[in-house]
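Encoded as structure tokens, the structure appears first; notes follow it.
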Amino acid sequence: MAVRGEVVVGVDDAPECEPALAYAFGQAKLRGATLRAVHAWQLPVHAFAPEAAYDMDEVRAAQHQVVRDRVEALRATYPEVRLIEDIPAAHPVDALTDASERADLLVVGSHRGGALGSLLLGSVSRGVPHHAHRPVAVVRALMPGPTALASGTFAATTRGRRARRCRQR
């Protein structure tokens with residue numbers, strides 16, 4: 001497999017994504033790679049107000065701010081890592097899968113939604129390993145919140161054929 005020089009990480013507005021971001025920044029530094037922070041978003045569907053209008057510039061600016069807020073502290077810790085903010089209007093699994101085509105590693109966080117949560121809401125960390133074009137690291141938080149520590153990484157090979165549990169030190 002050719003080295004592409006890019007690590008991709010999924011970003012959302014939940015504090016549980018911070019351990020995944022930290023892991024991705026660390027991997028980008030170790031590999032001398034660019035880090036692509038992907039924050040996919042979709043407009044809400046209003047069944048009872050289909051004529052609801054949105055200021056798309058304002059919506060896009062808010063989505064960019066989500067990424068800036070999440071990566072701010074880590075950019076200071078890893079100033080040598082080149083960061084690309086990628087904010088597509090798409091489903092997160094689709095956006096991350098597409099971004100994985102040009103990456104060496106795809107990193108996502110796990111919100112521990114449980115079986116019911118993933119059935120009702122869908123789960124990026126469950127969907128991505130099955131569709132990604134490169135290896136995937138699913139990083140779970142030891143405890144929820146802004147001071148969460150990574151407890152481990154679940155690394156899946158391309159298209160989720162084989163998986164192994166890795167301890168993070």
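- Under the 4.5 Å side-chain criterion, counting only non-hydrogen atoms from C-beta, Arg4 is in contact with Arg134.
- If you take CG on Asp86 and NE2 on His64, they are separated by 9.0 Å, rounding to the nearest 0.5 Å.
- Expressed to the nearest 0.5 Å, how far CD of Glu6 lies from CZ of Arg82 amounts to 8.0 Å.
- The minimum heavy-atom distance between Ala37 and Val11, with the atom names listed, is CB-CG2, 3.8 Å.
- In this structure a side-chain-to-backbone donor-acceptor pair under 3.5 Å is missing from His133 to Ser100.
- Counting heavy atoms from C-beta on, the side chains of Arg70 and Pro15 come closer than 4.5 Å.
- With hydrophobic clusters built from ILVMFWY side chains whose heavy atoms lie under 4.5 angstrom apart, Val66 does not share a cluster with Val93.
- Clustering ILVMFWY residues whenever any of their side-chain heavy atoms sit less than 4.5 angstrom apart, transitively, puts Leu74 in a cluster other than the one holding Leu30.
- By the rule that hydrophobic residues join a cluster once side-chain heavy atoms approach within less than 4.5 Å of another member, Tyr78 and Val67 end up as members of one cluster.
- We find the OG1-CZ distance between Thr34 and Arg102 to be 11.5 Å, quoted to the nearest 0.5 Å.
- Of all heavy-atom pairs between Val138 and Ser110, the closest is CG1-CB, 3.9 Å.
- Within 6.0 Å of atom CD in Glu80, more than 12 heavy atoms from other residues, nucleotides or ligands are found, so the atom counts as buried in its surroundings.
- Residues Val81 and Ala33 come closest through the heavy atom pair CG1-O, 4.3 Å.
- Listed here is the closest heavy atom pair of Val9 and Ala20: CG2-O, 3.9 Å.
- Closest approach of Ala132 to Leu106, counting heavy atoms only: CB-CD2, 3.9 Å.
- Inter-residue side-chain proximity for Val59 and Trp41 is flagged as met; some heavy-atom pair is nearer than 4.5 Å.
- Using a distance-only test at 3.5 Å, with no hydrogens or angles considered, a donor-acceptor pair links the side chain of Asp104 to the main chain of Gly5.
- Using a 4.5 Å heavy-atom threshold, the side chains of Ile84 and Arg36 count as touching.
- Interatomic distance, CD of Glu101 versus CG of Leu96, reported as 12.5 Å (0.5 Å rounding).
- The CG atom of Asp13 lies 10.0 Å from the CG atom of Asp69; values are rounded to the nearest 0.5 Å.
- Proximity of Gln27 to Phe25: side-chain heavy atoms (C-beta onward) are nowhere separated by under 4.5 Å.
- Defined by atom type and a distance below 3.5 Å, a donor-acceptor pair is present between the side-chain atoms of Gln65 and Arg68.
- Ala90 and Ala40 get closest at one heavy-atom pair: O-CB, 3.3 Å.
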